[in-house]
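Data first, discussion second: the structure below is written as structure tokens.
If you're wondering where the values come from, they're calculated on a predicted model, not measured in any experiment. Lettering of chains follows the sequences in order, A, B, ..., and the numbering in each one begins at 1.
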Amino acid sequence: MEYDFREIEKKWQRYWANNKTFRSSVMPEKPKYYVLDMFPYPSGAGLHVGHPLGYIATDIISRQKRMEGFNVLHPMGFDAFGLPAEQYAIQTGQHPAKTTEINIKRYREQLDKIGLSFDWDAAVVTSDPDYYHWTQWVFIRLFEHWYDKKTDKALPIQMLREAFAQGGSQAVEAACTPHEPFTASEWAGMSDIDQQKTLLNYRIAYLSDTMVNWCEKLGTVLANDEVKDGFSIRGNHPVVQKKMQQWSLRVSAYAQRLLDGLDRIDWSEAIKETQRNWIGRSTGAEILFDVHGHDLRIQIFTTRPDTIFGATFMVLAPEHEWAQQLTTDAQRRAVEAYREEVAKRTERERIAETRRVTGVFTGSYALNPFTRKPIPIWLADYVLAGYGTGAIMAVPAHDSRDHAFAKAFQLPIVPVIEGGDTAAEAYESKTGKLINSQDFNGLEVPRAIEAINAKVEQMGIGKAKTNYRLRDAIFSRQRYWGEPFPVFYKDGMPQTLPDDQLPLVLPEVEKYLPTEDGQPPLGRARNWHDAQGNPYELSTMPGFAGSSAYYFRYMDSKNSKELVSKEANGYWRSVDLYVGGSEHATGHLIYSRFWNKFLFDLGLVCEDEPFKKLINQGMIQGRSNFVYRVNNRKYAEAVLWEKLNSDVLGFKFKRDYNFDHAIYTFCCEEKKLIIECSAGKTAQKFLDEHQGPLRRSGYRLLVLSIEEIVEDLDAVLRRAAVLLDDREALPEHDFSKASKEAYLPLFVSKNLVRPEHQPMEIHVEVSLVRNDQLDLEAFRHWRIEYEKALFVLEGGVYHCGWAVEKMSKSLHNVVNPDDIIEDFGADTLRLYEMFLGPLQSSKPWDTNGIDGVHKFLLRVWRLFHNAQNKLEINDDEPTAEEWKSLHKTIKKVRQDIEELSFNTSVAAFMICVNELSQLKCRKRAILDPFIRLLSPFAPHLAEEIWQRLGHRDCIAFAPAPSHDEKHLVESQVEYPVSFNGKTRFLIVVPAQHSQELVSELALSSDKAQKWLEGKTPKKVIVVPNRIVNIVL
RNA sequence: GCCCAGGUGGCGGAAUCGGUAGACGCGCUGGUCUCAAACACCAGUUCCUUCGGGAGUGCCGGUUCGACUCCGGCCCUGGGUACCA
């Protein structure tokens, strides 16, 4: 083999590993570049070709940056805690650490084969105690801090204690769980336990009773981003709402900063928008409404205080704390029934019943603070307890949900903004003047909002308020395979472990299931308590715990004293380029920004955003292949009918011939011949029953087995022809052979399939198909039931159908990178993944196209080697043409790399190689920079050639070539000449010609005369170096 | 429903400060080489055509000397989100 990629790739992968070529360290004299891939969860299935897409892209960037003189940090690791390993452990008893280790090993092998320049010395594995030591350590800081709204940062709990001692709860403005206010003396009078309970309302990591997403099947709670449509994202199991004591992280405290930070980072607008929606900021007002006959004031939240005169009723969440008190005796039974019904309903049912309006009247009335008119108070589940104040003023005229509710329960609809037909539907637009609003009539909406807010504040019944949809993240999981909390309980109150006792290592358990009394699996661990016998927390941390600060550990992964040293963090700062899938938009990418900001507040890290630039690589979809299994009988009848009907036998046949209370498949009336198709087994029986009666009526009966029609249609037709020829001849029948193997699977090539064959589309393993042609032998061996399959071919081949679908085992379209590397090499795989299309867009994988890039690499090899496969290179001075080919490629490729447009840079390389091959260029001055330019894309090939060229250091750190404009200047310009915008011909003009001269040359050229048709042009436009357009 | 991304040959895709639409590759067709096949190499390949040319970047309209690119309206596909007041 002239280009022996197997040998070359093995050699250089070994070289890089042995020499630790890509090991990174702090080098203050060099500029840094930190490029990171979202680390994978090592699943049992291994990598398919879709996974390394982003890794290859970041590898090209890393290699390019190294050659540009940057000190590059390009690490990889494993997000190793997770449900699949634990589910597997439950099924098999195998320790999840064991399977995880095996899976990691396999991932590592697969990644190594691709030639990725990772610094494996910096690798982290989240399930490694040396790693989760720091996850636990950060958790303790989260527990030991609270969020101060005045300085807008996290502060130590000790400061909060001091503030409470001095001025009670009024002394601070903190992000906290709502609770009764207390004075300094009340604080001083609290027991230690009560003080601890109170502090939990403020801690950033806190324990509380909250409504959680409980997944019975997984036996654990899930965060909002782990649930979709009432089902768990992992495993698709039903999820219900349940109140439980759980750890949470006060992410909501950071809502505004998480929102503001988005404006300072270079992420795709789509992801930023998703995060903005998830954070869900809305500005409005909280307003108190008196309750008629009660000494209560209900606080509502609204974004439309301008519509307060249209508030004709009030709605509370069914779980609202005052729902009971507000219920009158007459309504009590109805209210209780409704509250029970709502509580029982699962999240899933609730979503399924969206748009079904339900609710119940409490019997009480609130007073509209402006009109003092009583308005009924209802309970309805379209108002959520967890948002705003859990209560709204309903304005049916200007809110569609309120409108639907008012319609359903015949409540009044009063328009207060002109411009809509509010009897029919809600007018939700914020344009128009106020009506029915006393003093505020005539004001435009924005002005009215200001005016009413001011009035509300003046009346002392409310104030402007901003709300966020973003909820605190539930942080405990009732599972085994996760980070243990560094927490023990004393007198029922949580306490964190001292730092010197970290890491708290995950204990062994004999079974990975919950205990008999419903405790999490850690309830099975022996001695799961501290030295004093205080029990440890039984929950473990969720998946996102380990991935929220991993990018800091890479900076200083061996540091056993700190999360990250000041020095390492100060040098690497934050990730310059982060690449991963967009599915993490609302999970990982929010949580890690939150952790980062928290660590920033504590002065532990120097940047408040972790990922400067983010790219979402598109999914690689699978390309499935199909075979078409047909109904044997339908197929046999169809092909036979096609022949009989096309008159090849010279007689007219009828189909579905009705005779003597029976329907026969085909009949030639003229010759009184009936042809019947029958499955082999039943053919003899059919013959015995029908032959006699038909003969008596003067008909002859030819029974054909389906098998013989399928196998040899011509022989069948010959037999029929004989019978048509000779009136007297009796058909012969021998079903002995056919009857044995009735209905062998029959597959018809794609273009021969007809709907009347009743085809079934069957996914076939894509490795059995090449260029959409089926390997029949391999297919027969694929499945035992296809061993004796019959095929109807086109031109000797079976053509498969295809479709683009998700790459998945069940669709048999998974392509393994190892196989591609075995057949074509890692450099070809790398190049082809990039060539497929833009990094960010989804595109189907099609192994068929890979020959193109492989041939390209072969041509590169031949550029340097002669027919004897010996390096052949000379030191001749390149021609202008050769210089130009090289330098335009350098310019294009380097610009494309900056823009992450790798598909076009591969195309540019191909063009360059085609040109240089054409020119038979073997000049060192051209090929030496060329191979350096190519090296980030095809590093193995480049290293090998680089070494053969006589270089002793490896190409990975050779200087990147840069282009020189002087080689790109043109002496001649080719102008397309168009008439009325339609291009007609080209003229070649010296580059220095003026526009007037170009215009004259265009008009005077021979070809122009034909298009001018003697007319004088109205106008001639010359765009320098671009185009000439003649307007007639 | 709302938000985002995207609709270009048989396929993946290229070209957007408006300036030759279809680069590059696959596939296909023809040719050279070969006993033959594979490989390799060369030529062709948007569609229609009366071989003059005409049409063409989801659809309709607009701006312009000129529109895949800008503007208005609509359709379709993919993704996200869903009673957040």
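- A syn orientation is assigned to B/rG9, its glycosidic angle lying within 90° of 0.
- A/Arg469 comes within 4.0 angstrom of a base, heavy atoms only.
- With hydrogens and angles left out, the side-chain atoms of A/His799 and A/Ser749 include no donor and acceptor closer than 3.5 Å.
- Taking 4.0 angstrom as the limit, A/Ser282 places a side-chain polar atom (N or O) nearer than this to OP1 or OP2 of B/rA85.
- Computed from coordinates, the A/Asp772 CG to B/rC11 C1' distance equals 10 Å when rounded to whole Å.
- As rounded to the nearest Å, B/rG18 and B/rA55 have P atoms that lie 25 Å from one another.
- Within the 3.5 Å criterion, the main-chain N or O of A/His865 finds no donor-acceptor partner in the side chain of A/Glu2.
- Aromatic ring orientation, A/Phe909 versus A/Phe930: perpendicular (interplanar angle above 60°, classes split at 30° and 60°).
- Checking A/Glu805 against A/Ser624 by side-chain atom types alone, a donor-acceptor pair falls below 3.5 Å.
- B/rA67 and B/rG19 have their C1' atoms separated by 10 Å, given to the nearest Å.
- Between the P atom of B/rA40 and the CH2 atom of A/Trp861 lies a distance of 17 Å, rounded to the nearest Å.
- Rounded to the nearest Å, the gap between the C1' atom of B/rU29 and that of B/rG78 is 35 Å.
- Distances were taken from every side-chain heavy atom of A/Tyr387 (C-beta onward) to each of B/rA85, B/rU20, B/rC65; the shortest belongs to B/rA85.
- Comparing atom distances between the A/Pro838 side chain and each of B/rC41, B/rA14, B/rC3 picks out B/rA14 as nearest.
- In this structure, the CG atom of A/Asn277 is 14 Å from the C1' atom of B/rG1, given to the nearest Å.
- The residue A/Arg281 sits apart from the nucleic acid: no heavy atom pair falls under 4.0 Å.
- Between A/Phe979 and A/Phe985, the two ring planes are tilted [angle within 30° to 60°].
- B/rC41 and B/rC33: their C1' atoms are spaced 9 Å apart (whole Å).
- Sorted by first then second residue, the salt bridge (Lys or Arg N to Asp or Glu O under 4.0 Å) pairs that include residues 1017-1030 of chain A, not counting sequence neighbours, number zero.
- Atom name C1', nucleotides B/rC76 and B/rC59: the rounded distance is 10 Å, in whole Å.
- We find that CD of A/Gln621 is positioned 16 Å from P of B/rG6, with the value rounded to whole Å.
- With hydrogens and angles left out, the side-chain atoms of A/Asn616 and A/Trp267 include no donor and acceptor closer than 3.5 Å.
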Footprint string (nucleotides 21-31 of chain B, 5' to 3'): B base within contact, S backbone only, - free, heavy atoms under 4.0 Å
S-BBSSS----
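- Nucleotides B/rG66 and B/rC11 are separated by 32 Å at their P atoms, to the nearest Å.
- Atom NZ of A/Lys272 sits in a crowded spot, with more than 12 heavy atoms from other residues, nucleotides or ligands closer than 6.0 Å.
- In summary, the side chains of A/Asn467 and A/Ser282 do not present any donor paired with an acceptor at a separation below 3.5 Å, with no hydrogens or angles considered.
- Each of A/Trp1011 and A/Thr303 was matched to the nucleotide of RNA chain B holding its nearest heavy atom; the match closer to the 5' end belongs to A/Trp1011.
- Regarding A/Met314, its CE atom lies at a distance of 17 Å from the P atom of B/rA85, rounded to whole Å.
- Under a cutoff of 6.0 Å and an axis angle of 45°, A/Arg623 and A/Trp845 do not form a cation-pi pair.
- Between the P atoms of B/rG62 and B/rC26, the separation comes to 42 Å (whole Å).
- With a cut-off of 3.5 Å on both pairing distances, the Watson-Crick and G-U wobble pairs of RNA chain B assemble into stems of 3 or more at B:1-7 with B:75-81, B:10-12 with B:24-26, B:27-32 with B:40-45, B:46-48 with B:53-55, B:58-62 with B:70-74.
- Only the C1' atoms considered, B/rG56 is 11 Å distant from B/rG22, to the nearest whole Å.
- Using a 4.0 Å heavy-atom cutoff across all strands shown, A/Glu974 reaches at least one base atom of the nucleic acid.
- Out of B/rU20, B/rG19, B/rA55, the shortest distance to the side chain of A/Ile1021 is found at B/rG19.
- Residue A/Asn1025 contributes atom CG, which lies 14 Å from atom C1' of B/rU20 at whole-angstrom precision.
- When heavy atoms are screened at a 4.0 angstrom cut-off, A/Val977 is found touching no nucleic acid atom at all.
- Nearest-nucleotide mapping onto RNA chain B: of A/Glu273 and A/Gly390, the residue sitting toward the 5' end is A/Glu273.
- The NE2-P distance, from A/His854 to B/rC39, rounds to 12 Å in whole Å.
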Take A/Val988 and A/Val973 through the side-chain contact (heavy atoms from CB on, under 4.5 Å) test and state the conclusion after the steps.
CA-CA 6 Å; A/Val988 176; A/Val973 182; over 6 Å; no
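- Using a 4.0 Å heavy-atom cutoff across all strands shown, A/Leu836 reaches sugar-phosphate atoms only and no base atom.
- Classification of B/rG44 as anti follows from a glycosidic angle more than 90° from 0.
- Residue A/Ser582 is out of contact with every strand shown, counting any heavy-atom pair closer than 4.0 Å.
- Side chain to side chain, A/Asn813 and A/Asn625 fail the donor-acceptor criterion of an N or O pair below 3.5 Å.
- Taking atom CG of A/Asn980 as the reference point, atom C1' of B/rU64 lies 13 Å away to the nearest angstrom.
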